[in-house]
Protein chains: 2
Amino acid sequence: MTDSGKNAILIIIGNEVLSGKTVDKNGVFLTRELRALGVEVQRVVIIPDDIDLIAEEIRTSRGRFDLIFTCGGIGPTHDDVTLAGIALGLGKALIRHPKLIEMIEQHYPPDDLAAQGRLAEVPEGTELIFSEGIRFPVLCFESIYIFPGIPELLVSKFEAIKERFRDRPFYLTKIYLAEKEYVIAETLRDVLKDYPDLLLGSYPKLHHPEHSLMLTLESKDRAYLEAAGENLIGRIPKEKIVKIDRGKSAGDS
Amino acid sequence: MTDSGKNAILIIIGNEVLSGKTVDKNGVFLTRELRALGVEVQRVVIIPDDIDLIAEEIRTSRGRFDLIFTCGGIGPTHDDVTLAGIALGLGKALIRHPKLIEMIEQHYPPDDLAAQGRLAEVPEGTELIFSEGIRFPVLCFESIYIFPGIPELLVSKFEAIKERFRDRPFYLTKIYLAEKEYVIAETLRDVLKDYPDLLLGSYPKLHHPEHSLMLTLESKDRAYLEAAGENLIGRIPKEKIVKIDRGKSAGDS
């Protein structure tokens, strides 16, 4: 996992996920989308709606990852403490952003200004990213992108700004085998001696009618991937190879 | 999230999850099962197949959580480094367990003893938990339970030993409302002043035909939950309440 592109951490914030009431969709979506853009997600954490824990996560992630994405906890209720947690982690004050107050006053009826005012609270220095297709801007502080927890809103906000994250793509070859994993383990080690930078995965599949093992080979260097793939294929008895999907960009599939 | 039962961290280990090739099922399964058993999952992390990162995670989690579950990375190939990582994090040697060697020799044909031997490697002091319904034991070191990444195997192993994790159950009331979240935000704060130990969540739902908000109230103390529920219901106009699901154990649904 040491390719030279941008890396990222996803911080999923929500008691509802940790208590099993909701299955996280946002982390799954962002993981796939970022990979397709050439960004390597190196860590995903799911943490509670807790100011101190959010602050701790921001502190330990800043400087360690190129991109930090938070999902969830930016609504108006007591359990929406993500922005307070990020502010604490950054050592910044939580302020009401004049532009956000203006937008909220325009778009919402004045039922409860106290709760609506909370929607304008951001760490001092937060950037607002406006884009086509989204009514409210994405919040960003340095390389920290702050997304809502509601999947529909997260998707539309991410789609609106995703091109800024694009990096060189990953290329992926999949080799499906009718072979036991422990029989081929030594062969895989030998390939990695010749191609140490290859991202090589081995995944047994139980009860599949055709293959019992899937190998994944990945690299941002297409020629390197092709050479490593040929090297590996040359070491495996032909009758054990069920299917090969060669050299696609991870964003294609 | 400060109820007095047992808490847990789930450490999901696998490049295939971080690269978006596989959607994690194990974390979702364990989160729900543990909640139903009365155990509070406080943190989930997804990390790569990397010895040092696994060791770091074990070091920071030990002492901080009552139960630690790892999923994935215990097969025979180069990317199966979970046991080496746990050993490093514990400061223990990685040894070949005599009982595991004996079992592997009995169950597997002697195609490749080197790779099979790796399947017997565990941190020194690892306990083997045998149980009905599983052919191979669950590996355990103190409160660290080491599960495979293949979902079918993980499920059967967890089912075989889950009763040892059982704690007092959580009780859950769900209240569905036709109301905007920001309108009710202040009411929820007031309820929490009277019932500070209530686990109270507020989740807007877009485009639902009947309700626009779901409130979740939880406690291990059933009487406390009921009192808090009545207090909250008393503060909301009746015509805004769509449905109430009262006081079930989290394991019932």
Side-chain angles (χ1 to χ4, degrees), chain A residues 1 12 15-24 27-28 31-36 40-50 75-79 108 111-112 114-116 118-119 150 152-153 170 172 180-186 188-189 192 199-204 206-207 216 218 250, chain B residues 1 12 15-24 27-28 31-36 40-50 75-79 108 111-112 114-116 118-119 150 152-153 170 172 180-186 188-189 192 199-204 206-207 216 218 250:
Chain A
M1 305 281 286
I12 313 297
N15 296 341
E16 73 278 22
V17 181
L18 290 171
S19 61
K21 292 185 203 73
T22 299
V23 174
D24 167 56
V28 172
T31 296
R32 282 200 182 137
E33 289 288 317
L34 288 166
R35 189 75 178 185
E40 184 185 344
V41 174
Q42 287 188 340
R43 186 178 178 86
V44 180
V45 293
I46 309 176
I47 60 174
D49 299 297
D50 179 295
T77 54
H78 63 282
D79 55 350
Y108 284 103
D111 310 40
D112 186 334
Q116 289 177 37
R118 291 196 77 230
L119 292 172
I150 299 177
E152 295 91 331
L153 298 182
F170 286 97
L172 169 65
K180 291 182 190 75
E181 194 179 32
Y182 65 81
V183 176
I184 206 173
E186 211 53 37
L188 301 183
R189 273 170 227 278
L192 285 171
L199 306 172
L200 177 59
S202 169
Y203 307 107
L206 299 184
H207 316 306
T216 61
E218 264 181 305
Chain B
M1 304 282 285
I12 314 296
N15 296 340
E16 73 278 21
V17 180
L18 291 171
S19 61
K21 292 184 202 76
T22 299
V23 174
D24 167 55
V28 172
T31 296
R32 281 200 182 137
E33 289 287 317
L34 288 166
R35 189 75 178 184
E40 184 186 345
V41 174
Q42 287 186 342
R43 185 178 179 85
V44 179
V45 294
I46 310 178
I47 60 173
D49 299 297
D50 179 295
T77 53
H78 64 282
D79 54 350
Y108 284 102
D111 311 39
D112 186 335
Q116 289 177 37
R118 291 196 78 228
L119 292 171
I150 299 177
E152 296 91 329
L153 298 182
F170 286 97
L172 169 65
K180 291 183 190 74
E181 194 179 33
Y182 66 83
V183 175
I184 206 174
E186 211 52 36
L188 301 183
R189 274 169 225 280
L192 284 171
L199 304 172
L200 176 59
S202 169
Y203 306 108
L206 299 185
H207 316 305
T216 62
E218 265 181 305

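Lettering of chains follows the sequences in order, A, B, ..., and the numbering in each one begins at 1.
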Colleague: Check salt bridge (Lys or Arg N to Asp or Glu O under 4.0 Å) between B:Glu33 and all other residues, then give those that pass, not counting sequence neighbours.
Modeller: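 For B:Glu33, the residues satisfying salt bridge (Lys or Arg N to Asp or Glu O under 4.0 Å) (neighbours in sequence not counted) are B:Lys162.
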
Colleague: Most heavy-atom pairs under 4.5 angstrom with chain A, which of B:Val17, B:Asp24, B:Ile46, B:Thr31?
Modeller: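 Highest number of pairs under 4.5 Å: B:Ile46.
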
Colleague: At their closest point, which heavy atom of A:Ile150 faces which heavy atom of B:Pro204, and how far apart are they?
Modeller: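 Distance-wise, the nearest heavy atoms are CD1-CG, 3.9 Å.
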
Colleague: So for A:Thr216, is it side chain, backbone, both, or neither that comes closer than 4.5 Å to the heavy atoms of chain B?
Modeller: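 Just its side chain gets close to chain B.
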
Colleague: Roughly how far apart are B:Leu199 CG and A:Asp79 CG, rounded to 0.5 Å?
Modeller: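 Reported value, rounded in 0.5 Å steps: 11.0 Å.
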
Colleague: Enter the distance from B:Arg189:CZ to A:Thr77:OG1 here, rounded to the nearest 0.5 Å.
Modeller: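 So the CZ of B:Arg189 and the OG1 of A:Thr77 are separated by 7.0 Å.
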
Colleague: Could you check which of B:Asp50, B:Leu206, B:Leu200 has the highest count of heavy-atom pairs closer than 4.5 Å to chain A?
Modeller: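 It is B:Leu200.
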
Colleague: For B:Ala185 and A:Pro76, work out which heavy atoms get closest and say how close.
Modeller: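 In this case the closest contact between B:Ala185 and A:Pro76 is CB-O, 3.6 Å.
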
Colleague: Side chains of B:Lys21 and A:Leu172: closer than 4.5 Å at any heavy-atom pair?
Modeller: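 In contact.
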
Colleague: Is A:Glu16 close to chain B through its backbone or its side chain, or both, or neither, when contacts mean heavy atoms under 4.5 Å?
Modeller: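 Both backbone and side chain.
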
Colleague: Between OG of B:Ser19 and CD of A:Gln42, what distance do you get to the nearest 0.5 Å?
Modeller: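 Answer for the OG-CD pair, B:Ser19 versus A:Gln42, is 12.0 Å.
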
